[in-house]
Amino acid sequence: MLQRMKDAGVPRDAVTYSTLIKAISRSKEWDKVAQSEAVLTEIAEDGVQPSASCFGGVMNVYAMKGDVAGARSVLQRMKGAGLPGDVFTY
């Protein structure tokens, strides 16, 4: 889908990526962490500033797996990107 958007000249933004991360978190795929982390990487490669919602979605994927350390790692990256946490982050 993202490639089709790019091919059609449709700009992708943080909302696009946040929606994709949310879809990954709800999917039945077994490796949601790797997929959601790949989206965070793609955001950076696309030159888009990820939103707190993007990071929060990835944190949620880690939390659903019971990986507190992974979720904290994403929180630290979010803070490093200059994004404050919100009610949903904490």
Side-chain angles (χ1 to χ4, degrees):
M1 167 100 84
L2 291 176
Q3 188 59 47
R4 287 191 305 189
M5 289 176 73
K6 186 176 183 178
D7 292 346
V10 177
R12 296 168 291 180
D13 59 13
V15 174
T16 304
Y17 287 108
S18 178
T19 302
L20 179 57
I21 292 168
K22 188 174 188 176
I24 290 168
S25 75
R26 292 180 176 182
S27 75
K28 297 194 184 298
E29 297 293 323
W30 65 274
D31 199 6
K32 296 176 189 182
V33 168
Q35 290 181 19
S36 60
E37 286 284 2
V39 173
L40 276 184
T41 299
E42 188 170 346
I43 292 170
E45 290 170 355
D46 206 22
V48 173
Q49 172 66 36
S51 65
S53 179
C54 292
F55 284 104
V58 177
M59 281 187 274
N60 184 51
V61 171
Y62 277 102
M64 288 177 7
K65 287 191 74 161
D67 186 347
V68 175
R72 283 188 180 146
S73 171
V74 176
L75 178 61
Q76 292 306 312
R77 284 188 280 159
M78 184 178 89
K79 288 180 178 179
L83 296 170
D86 58 17
V87 162
F88 299 105
T89 305
Y90 295 102

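Note that the structure is a prediction, hence the values are computed from the model and not measured. FYI, the numbering just counts along the sequence from 1.
Using a 4.5 Å cut-off between side-chain heavy atoms of Ile, Leu, Val, Met, Phe, Trp and Tyr, with links allowed through other members, Val58 and Val68 fall into different hydrophobic clusters. Residue Val39 is grouped with residue Met5 when hydrophobic side chains (ILVMFWY) are merged at heavy-atom distances under 4.5 angstrom, including chains of intermediate members. Under a hydrophobic-cluster definition in which Ile, Leu, Val, Met, Phe, Trp and Tyr are linked whenever side-chain heavy atoms come within less than 4.5 Å, directly or via other members, Trp30 and Met64 are assigned to different clusters.
Taking CD1 of Ile21 as the start and CD1 of Ile43 as the end, the distance is 4.5 Å to the nearest 0.5 Å. Between atom CZ of residue Arg77 and atom CZ of residue Phe55 there is a gap of 6.5 Å, rounded to the nearest 0.5 Å. Put simply, OG on Ser27 and NZ on Lys32 are 5.0 Å apart, with the number rounded to the nearest 0.5 Å. The structure places OG of Ser73 at 12.0 Å from CE of Met78, a figure rounded to the nearest 0.5 Å.
In terms of heavy-atom proximity, Cys54 sits nearest to Leu40 at CB-CD2, 4.4 Å. Closest approach of Val33 and Lys65 over heavy atoms only: CG2-CD, 3.3 Å.
When the salt bridge (charged side-chain N to carboxylate O under 4.0 Å, His left out) test is applied to Arg72, no partner is found at least two apart in sequence or on another chain. With sequence neighbours excluded, the residues satisfying side chain to side chain contact (heavy atoms under 4.5 Å, CB included) with Gln76 are Lys79. Looking at residues two or more places apart in sequence or on another chain, you find a side chain to side chain contact (heavy atoms under 4.5 Å, CB included) between Gln35 and Ile24, Glu29.
Residues Lys22 and Thr19 form no side-chain contact, since every pair of their non-hydrogen atoms from C-beta on lies 4.5 Å or further apart. The side-chain heavy atoms of Glu37 and Val61, taken from C-beta on, include no pair separated by under 4.5 Å.
Side-chain N or O atoms of Ser18 include none that pairs as donor or acceptor with a backbone N or O of Ala14 at under 3.5 Å.
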